[in-house]
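Okay, structure first, notes after.
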Amino acid sequence: MQLKEQNGVSIYIQIAEAIKEQILRGILLENEQAPSTNELAKSLSINPATAGKGLNLLVDEGILYKKRGVGMFVTQGSREKILTARKEAFCTEHIYKIVSEAKSLGITKEELIKIINSIDIK
């Protein structure tokens, strides 16, 4: 896991997003132990409190769960939860804007669908 300098994105949020990405890519599996606060702090050269804040954010979202005295683990169904949230964010951030812009340009729904269907996604 590597952190990047991002415009105003807090380190703890970057940690949470990186762990979500590992879950989506199958690097971290459901019911598997997540990296500990100390492991993250050491590998990223950050304060353990910052690493803990990122992990606790995922606990609050139901992506990770704590086993007292053992560590944090990936919640069953977390991958699907992340996918659903990302799809909703994609629609909100992109699709609705595209449809709105298409309307303002006089592009019909049928034309927009034809344009989308003509794009080769690999």
Side-chain angles (χ1 to χ4, degrees):
M1 179 184 312
Q2 293 181 359
L3 301 179
K4 301 173 186 171
E5 276 202 35
Q6 297 182 5
N7 298 333
V9 178
S10 299
I11 292 172
Y12 77 95
I13 292 173
Q14 290 183 53
I15 290 169
E17 290 302 318
I19 291 173
K20 286 180 185 179
E21 192 64 33
Q22 289 181 344
I23 293 168
L24 283 177
R25 292 177 185 254
I27 296 166
L28 270 178
L29 303 175
E30 295 176 351
N31 298 310
E32 190 172 89
Q33 189 167 11
S36 72
T37 298
N38 291 333
E39 289 170 339
L40 288 170
K42 185 176 179 182
S43 69
L44 299 172
S45 300
I46 60 170
N47 186 311
T50 302
K53 192 171 180 181
L55 292 172
N56 284 322
L57 182 62
L58 295 174
V59 170
D60 292 345
E61 292 178 15
I63 303 300
L64 298 180
Y65 65 94
K66 295 179 184 181
K67 279 189 183 178
R68 189 179 181 118
V70 180
M72 295 197 193
F73 292 79
V74 180
T75 304
Q76 186 71 33
S78 63
R79 185 175 187 282
E80 191 59 40
K81 184 181 280 192
I82 296 166
L83 276 173
T84 299
R86 289 221 176 151
K87 286 178 184 179
E88 289 173 9
F90 177 76
C91 287
T92 302
E93 295 169 16
H94 303 290
I95 301 298
Y96 296 144
K97 289 178 185 176
I98 290 169
V99 171
S100 178
E101 182 68 12
K103 273 186 179 179
S104 68
L105 296 172
I107 298 172
T108 66
K109 182 178 180 179
E110 292 75 21
E111 289 173 318
L112 188 56
I113 291 169
K114 188 175 179 180
I115 292 167
I116 292 169
N117 286 334
S118 73
I119 298 170
D120 186 26
I121 300 174
K122 292 182 181 184

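Because the structure is a prediction, the values reported are computed rather than measured.
- Evaluation of the ring-ring contact (aromatic ring centres under 6.0 Å, His included) test over residues 99-122, restricted to residues two or more places apart or in two chains, returns none.
- Annotation: salt bridge (Lys or Arg N to Asp or Glu O under 4.0 Å) contacts involving residues 53-81, sequence neighbours excluded, comprise Lys20-Glu61.
- A pairwise comparison of heavy atoms in Leu57 and Ala16 identifies CD2-CB, 3.9 Å as the closest pair.
- How far CD of Glu88 is from CG of Leu83: 11.5 Å, rounded to the nearest 0.5 Å.
- Using a 4.5 Å heavy-atom cutoff, the side chains of Thr75 and Ile63 are not in contact.
- The line from CD1 of Ile107 to CG of Leu112 is 6.5 Å long, rounded to the nearest 0.5 Å.
- Judged as a ring-ring contact (aromatic ring centres under 6.0 Å, His included), and not counting sequence neighbours, the contacts of Tyr65 are Phe73.
- Formation of a donor-acceptor pair under 3.5 Å by the Ser36 side chain with backbone atoms of Glu39 is found in this model.
- Under the salt bridge (charged side-chain N to carboxylate O under 4.0 Å, His left out) criterion, Glu21 pairs with Arg25, Arg86, sequence neighbours left out.
- Of all heavy-atom pairs between Ala34 and Leu64, the closest is CB-CD2, 4.0 Å.
- The 12-atom threshold is exceeded at CD1 of Ile46, counting heavy atoms of other residues, nucleotides or ligands nearer than 6.0 Å.
- Contact of the Lys42 side chain with the Asn38 side chain is not registered, since no non-hydrogen atoms from C-beta on lie closer than 4.5 Å.
- Counting all heavy atoms, side chain and backbone alike, Ser78 lies closest to Val74 at OG-CG1, 3.0 Å.
- Taking all atoms of both residues into account, the shortest heavy-atom contact from Ala51 to Ile15 is CA-CD1, 3.8 Å.
- The distance from the CD1 atom of Ile95 to the NZ atom of Lys87 is 12.5 Å, given to the nearest 0.5 Å.
- Listed by first and then second residue, the salt bridge (Lys or Arg N to Asp or Glu O under 4.0 Å) pairs involving residues 97-117 amount to none (not counting sequence neighbours).
- Val99 and Phe90 end up in the same hydrophobic cluster when Ile, Leu, Val, Met, Phe, Trp and Tyr side chains are linked at under 4.5 Å.
- Here CD1 of Ile98 is found 7.0 Å from CD1 of Ile116. Values are rounded to the nearest 0.5 Å.
- Side-chain contact between Val59 and Leu55: absent, with no pair of heavy atoms (C-beta onward) separated by less than 4.5 Å.
- Annotation for Tyr12 and Thr50: closest pair CB-O, 3.5 Å, computed over non-hydrogen atoms.
- In the hydrophobic clustering (ILVMFWY side chains linked at under 4.5 Å, chained through shared members), Ile27 stands by itself.
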